[in-house]
Amino acid sequence: MSALISQVRVLAAQLGAYVGEVVTLKGWVHNVRHMGNLAFLVLRDRTGLVQCVLEGELAGRPIENESVVAVSGKVVAALKALGGVEVQATGLEVISAPSMPLPFEINKKEVKAGLESVLDHRVLSMRNPQIHAVFTIQSALAGGFREYLSSQNFTQIFTPKIVATGTEGGSNLFPIEYFEQRAYLAQSPQFYKQMMVGAGFERVFEIAPVYRAEEHNTSRHLNEYLSLDLEMGFIQSEEDLMDLETGLLRHMFAKVAAECAPELALLGVTVPEIAAIPRIPVAEAQAIIERKYGKLSPKGDLDPEGERLICQYVSEGGKPALVFMTRYPREIRPMYAMPAPENPNLTASFDLLFNGLEITTGGQRIHNAQMLVESIASRGLDPESFSTYLEVFRLGMPPHGGMAIGLERLTARLLGLSNIREATAFPRDRTRLTP
RNA sequence: GGAGGCGUGGUGUAGUGGCCUAACAUGCGGCCCUGUCACGGCCGAGACCGCGGGUUCGAAUCCCGUCGCCUCCGCCA
């Protein structure tokens with residue numbers, strides 16, 4: 001084939017270091033502006049956009065948008081071009097041209113297509129720099145999670161997604177055929193991360209998908225989502241977990257701010273700096289919501305409007321809001337939730353709300369085997385069916401607790417996306433199984 | 001699972017009983033253009049208005065059904 005393809009590739013963002021040199025760029029054709037015997041081709045690679053100047057015969061060549069091309073030429077400083085440099089093309093090769101019409105334009109600042117089209121043609125829509133930025137930032141968030149927890153001596157674990165039973169009841173499980181047995185997709189790594197704590201790792205985390213068979217159809221639910229899970233042994237109380245999450249989110253946000261400045265600028269987002277996150281017992285939050293906004297809440301909990309209102313309450317002048325809700329009643333928390341020391345009807349658990357949406361549930365867990373058996377039984381469940389889980393508590397288990405952060409929800413709230421699907425590369429919802 | 005809303009060229013919208021032989025923007029095709037960067041100019045193709053039925057002299061527009069999508073609620077991360 002051509003000489004162009006074999007040449008060493010230089011990326012768009014590196015061009016500043018090559019002024020005066022001849023380089024080869026490879027990427028997608030973002031846009032071409034024809035001016036007769038002169039044309040400007042904007043090439044896009046994973047690092048960004050760069051303008052290539054085509055003259056004479058090259059300018060006359062038909063080139064479709066989104067073709068994969070190699071362009072070689074001399075790098076010149078050009079104050080008028082984006083990035084301050086452009087490439088004076090001397091060679092152009094189309095490596096792969098699209099063989100179908102593009103369903104919508106992605107070379108505009110904003111993609112003007114409905115969510116359904118955007119998701120139907122995900123490979124195309126994610127090429128748009130603004131949409132692309134969402135996933136670059138999401139990657140940094142996950143990276144920050146791993147980085148911070150590793151710095152705190154957490155071990156990354158990997159637990160099965162095909163399981164025999166659910167963690168908190170069976171109604172929202174996806175059943176699957178496992179040879180001659182009935183199995184389910186894991187709705188949470190809850191039992192396994194506790195078992196890994198008990199296996200002597202003390203501090204563990206996992207980044208993995210979880211599956212919920214809920215037939216909900218909302219802008220904040222997925223049937224498969226990424227759970228940022230952690231579990232920590234030898235805690236004093238759930239306060240240790242909220243302290244940990246505060247430091248964790250501070251690090252994750254700082255990493256995004258430091259590493260994703262161009263992406264944030266593209267989305268017009270400023271990452272909030274996290275100082276202290278207020279901790280409000282649910283009952284108190286309900287009272288505040290009633291007093292300040294005249295709204296009643298469901299028993300022992302907040303509804304979505306209440307979550308938005310309490311965030312509004314703690315937000316100073318419309319700034320991004322983070323708030324822990326604590327002391328949830330026992331009857332609305334799972335059987336493994338540790339009762340609050342001062343009131344056995346409440347739990348040592350918490351949720352974290354971010355800009356009006358629940359992004360974390362966590363808490364201290366029951367570590368005493370007998371207490372756990374009683375808790376299971378008190379909910380009308382059969383302790384026998386939890387025997388493999390219960391074994392870890394019979395072999396010596398430290399006080400412990402943990403939490404789970406919904407990655408897509410965190411991403412969506414941070415970036416102000418209105419639908420969680422926008423923060424999901426290939427979402428699985430009530431009806432969508434493809435792409 | 002429940003409630004509400006929407007469905008018009010490839011895409012995004014306007015049109016809410018006759019002026020619709022369906023408009024605008026963008027994209028697409030052709031021609032012109034050597035400094036554009038939302039490039040510009042001229043020309044052209046492209047939708048029987050989701051689907052089925054009904055009301056009416058007349059339906060994109062009103063009614064019923066159906067399918068799809070969106071939003072909200074329950075529930076959750």
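Since the structure is predicted, the reported quantities are computational estimates derived from the model, not experimental observations. Just so it is clear: chains get the letters A, B, ... in the order the sequence lines come, proteins before strands, and each one is counted from 1. The analysis underlying the following values was restricted to heavy atoms, covering all of them including side chains, and did not include hydrogens, waters or symmetry mates.
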**Q** Looking across every strand, which nucleic acid part, if any, lies under 4.0 Å from A:L410 by heavy atom: base, sugar-phosphate, or nothing?
**A**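 No contact.
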**Q** Does the structure show a Watson-Crick or G-U wobble partner for B:C33, both distances under 3.5 Å? Name it, or say none.
**A** none
**Q** Could you let me know what B:U56 is paired to, Watson-Crick or G-U wobble, both distances under 3.5 Å, or none if it's on its own?
**A**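 The base-pairing partner of B:U56, which may sit in any strand shown, does not exist here.
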**Q** In terms of side-chain heavy atoms of A:N37, which of B:U36, B:U26, B:U34 is nearest?
**A** B:U34
**Q** By nearest nucleotide on RNA chain B, pick out whichever of A:G36 and A:I332 is the more 5' one.
**A** A:G36
**Q** With a 4.0 Å cut-off, would you call A:E290 and A:K295 a salt bridge?
**A**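 Answer for the salt bridge query: no.
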**Q** Students often get this wrong, so: under 4.0 angstrom with heavy atoms, is A:L228 touching a base, only sugar-phosphate, or nothing?
**A**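 No contact at all - A:L228 keeps every heavy atom at 4.0 Å or more from the nucleic acid.
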**Q** According to a cutoff of under 5.5 Å between the ring centres and under 30° between the ring planes, does A:F104 stack with the base of B:U11?
**A**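 According to the criterion (under 5.5 Å, under 30°), no, A:F104 does not stack.
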**Q** In whole Å, what separates the C1' atom of B:G44 from that of B:C51?
**A** 32 Å
**Q** Is there a donor-acceptor contact under 3.5 Å linking the side chains of A:Q138 and A:T411?
**A** yes
**Q** Do A:Y211 and A:R428 touch side chain to side chain, with heavy atoms closer than 4.5 Å?
**A**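 In short, these two side chains do not touch, never coming nearer than 4.5 Å.
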**Q** Is there a donor and acceptor pair closer than 3.5 Å between the side chain of A:E86 and the base of B:G35?
**A** yes
**Q** To the nearest angstrom, how far is A:L41 atom CG from B:C37 atom P?
**A**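 So the two atoms are 16 Å apart, to the nearest Å.
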**Q** Does the structure show a Watson-Crick or G-U wobble partner for B:G27, both distances under 3.5 Å? Name it, or say none.
**A**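 Looking at the geometry, B:G27 pairs with no nucleotide.
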**Q** Taking the P atom in each of B:G10 and B:A22, what is the distance between them to the nearest angstrom?
**A** 15 Å
**Q** Among B:A77, B:G27, B:G12, find the nucleotide with the atom closest to the side chain of A:K112.
**A** B:G12
**Q** Between B:U26 and B:A38, how many Å separate the two C1' atoms, rounded to a whole number?
**A**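 About 10 Å, rounded to a whole number of Å.
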**Q** I'd like to know if A:R421 and A:D429 make a salt bridge, using a cut-off of under 4.0 Å between side-chain N and carboxylate O.
**A** yes
**Q** Checking only heavy atoms, does the side chain of A:H221 share a donor-acceptor pair with the base of B:C76 at less than 3.5 Å?
**A**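 It does, because a donor-acceptor pair links the side chain of A:H221 to the base of B:C76 below 3.5 Å.
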**Q** Is it the case that more than 12 heavy atoms not belonging to A:H132 sit under 6.0 Å from its NE2 atom?
**A**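 12 or below, so no.
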**Q** Using whole Å, report how far NE2 of A:H30 lies from P of B:U36.
**A** 19 Å
**Q** If you check the A:E105 side chain, which of B:C33, B:G10, B:U71 turns out closest?
**A**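 The answer is B:G10.
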**Q** Taking only N and O in the side chain of A:R220, is any of them less than 4.0 Å away from OP1 or OP2 of B:C73?
**A**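 For B:C73, OP1 or OP2 has a side-chain N or O of A:R220 closer than 4.0 Å.
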**Q** Using whole Å, report how far CG of A:L102 lies from P of B:C28.
**A** 8 Å
**Q** Please say whether the positively charged group of A:R333, taken as NZ for Lys or CZ for Arg, lies over the ring of A:Y328, i.e. under 6.0 angstrom from the six-membered ring centre and within 45 degrees of the axis.
**A** yes
**Q** Regarding A:E206 and A:K161, does a basic nitrogen lie under 4.0 Å from an acidic carboxylate oxygen?
**A** yes
**Q** Is A:R308 close enough to B:C73 that one of its side-chain N or O atoms is under 4.0 Å from OP1 or OP2 there?
**A** yes
**Q** Please determine whether a side-chain nitrogen or oxygen atom of A:N217 lies at a distance below 4.0 Å from atom OP1 or OP2 of B:U71.
**A** no
**Q** B:C73 and B:C37: how far apart are their C1' atoms, nearest whole angstrom?
**A**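 My reading of the C1' atoms in B:C73 and B:C37 gives 47 Å.
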**Q** Is A:E231 salt-bridged to A:R365, cutoff N-O under 4.0 Å?
**A** yes
**Q** In this structure, how many angstroms lie between the P atom of B:G12 and the CD1 atom of A:I106, rounded?
**A**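 A:I106 atom CD1 is separated from B:G12 atom P by 15 Å.
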**Q** OP1, OP2 of B:A77 versus side-chain N and O of A:S188: anything below 4.0 Å?
**A**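 So the side chain of A:S188 is outside the cut-off, no N or O lying under 4.0 Å from OP1 or OP2 of B:A77.
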**Q** Can you find a donor-acceptor N/O pair under 3.5 angstrom joining the side chain of A:E55 to the base of B:U34?
**A** yes
**Q** Starting at atom NZ of A:K193, determine the distance to atom C1' of B:A77, rounded to an integer number of angstrom.
**A** 11 Å
**Q** What is the distance, rounded to the nearest whole Å, between atom CG of A:L302 and atom P of B:C73?
**A** 13 Å
**Q** Need the pair for B:G7. Rule: Watson-Crick or G-U wobble, both distances under 3.5 Å, any strand; none if unpaired.
**A** B:C67
**Q** Contact class for A:I359 vs. all strands (heavy atom < 4.0 Å): base, sugar-phosphate, or nothing?
**A**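 Sugar-phosphate, no base atom in range.
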**Q** Please state the C1' separation for the pair B:A14 and B:A25 - nearest whole angstrom.
**A**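 Per the computed distance, 10 Å lies between those C1' atoms.
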**Q** Going by 5.5 Å between centroids and 30° between planes, is there a stack of A:Y225 over B:A77?
**A**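 Yes, A:Y225 stacks on the base of B:A77, since the ring centres sit under 5.5 Å apart and the planes are within 30°.
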**Q** Could you check which nucleotide pairs with B:C72 in any of the strands shown, counting Watson-Crick or G-U wobble with both distances under 3.5 Å?
**A**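 Paired with B:C72, as far as the under-3.5 Å criterion goes, is B:G2.
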**Q** Is it true that the side chains of A:N37 and A:E55 contain a donor and an acceptor less than 3.5 Å apart?
**A** no
**Q** Are OP1 or OP2 of B:U36 and a side-chain N or O of A:R33 less than 4.0 angstrom apart?
**A** no
**Q** Take atom C1' in B:A23 and the same atom in B:U8, then report the distance between them in whole Å.
**A** 11 Å
**Q** Would you indicate what A:R413 reaches in the nucleic acid, counting non-hydrogen atoms under 4.0 angstrom: base, sugar-phosphate, or nothing?
**A** nothing
**Q** For A:E214 and B:C75, give me the distance from atom CD to atom C1', rounded to whole Å.
**A**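 About 5 Å, once rounded to whole Å.
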**Q** Respond yes when some side-chain nitrogen or oxygen of A:N31 is under 4.0 Å from OP1 or OP2 of B:C39, and no when none is.
**A**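 Yes, because at least one side-chain N or O of A:N31 sits under 4.0 Å from OP1 or OP2 of B:C39.
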**Q** Under 4.0 Å: is that the gap between some side-chain N or O of A:K108 and OP1 or OP2 of B:U11?
**A** no
**Q** When you measure only distances, ignoring hydrogens and angles, does the side chain of A:E116 come within 3.5 Å of the base of B:G7 through a donor and an acceptor?
**A** no
**Q** So what does A:G56 hit on the nucleic acid, given a heavy-atom distance under 4.0 Å: a base, only sugar-phosphate, or nothing?
**A** nothing
**Q** Name the pairing partner of B:C39, where a pair is Watson-Crick or G-U wobble with both distances under 3.5 Å, or state none.
**A** none
**Q** Between B:A77 atom C1' and A:N223 atom CG, what is the distance in whole Å?
**A**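 Rounding to the nearest Å, CG of A:N223 and C1' of B:A77 are 13 Å apart.
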**Q** Determine the interatomic distance between C1' on B:C62 and the same-named atom on B:G17; round to the nearest Å.
**A**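 Roughly 8 Å separates the two C1' atoms.
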**Q** Between B:U11, B:A77, B:C70, which one does the side chain of A:L115 approach most closely?
**A** B:C70
**Q** Starting at the 5' end of RNA chain B and moving along, which residue's nearest nucleotide shows up first, A:R430 or A:N419?
**A** A:R430
**Q** Which value, in whole Å, describes the distance between the P atoms of nucleotides B:C20 and B:U66?
**A**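 After rounding to an integer number of Å, I get 35 Å for this pair.
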**Q** Establish whether the base of B:C76 is bridged to the side chain of A:R409 by a donor-acceptor pair shorter than 3.5 Å.
**A**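 When only heavy-atom distances are counted, A:R409 does reach the base of B:C76 through a donor-acceptor pair under 3.5 Å.
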**Q** Using a cut-off of less than 4.0 Å, is there contact between a side-chain N or O of A:T218 and OP1 or OP2 of B:C73?
**A** no
**Q** Are A:E331 and A:K299 within salt-bridge range, i.e. N to O under 4.0 Å?
**A**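 Yes, this pair counts.
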**Q** With sugar-phosphate meaning primed atoms plus P, OP1 and OP2, does A:S227 contact a base, only sugar-phosphate, or nothing at under 4.0 Å between heavy atoms?
**A**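 Nothing: the residue A:S227, judged by heavy atoms under 4.0 Å, touches no strand.
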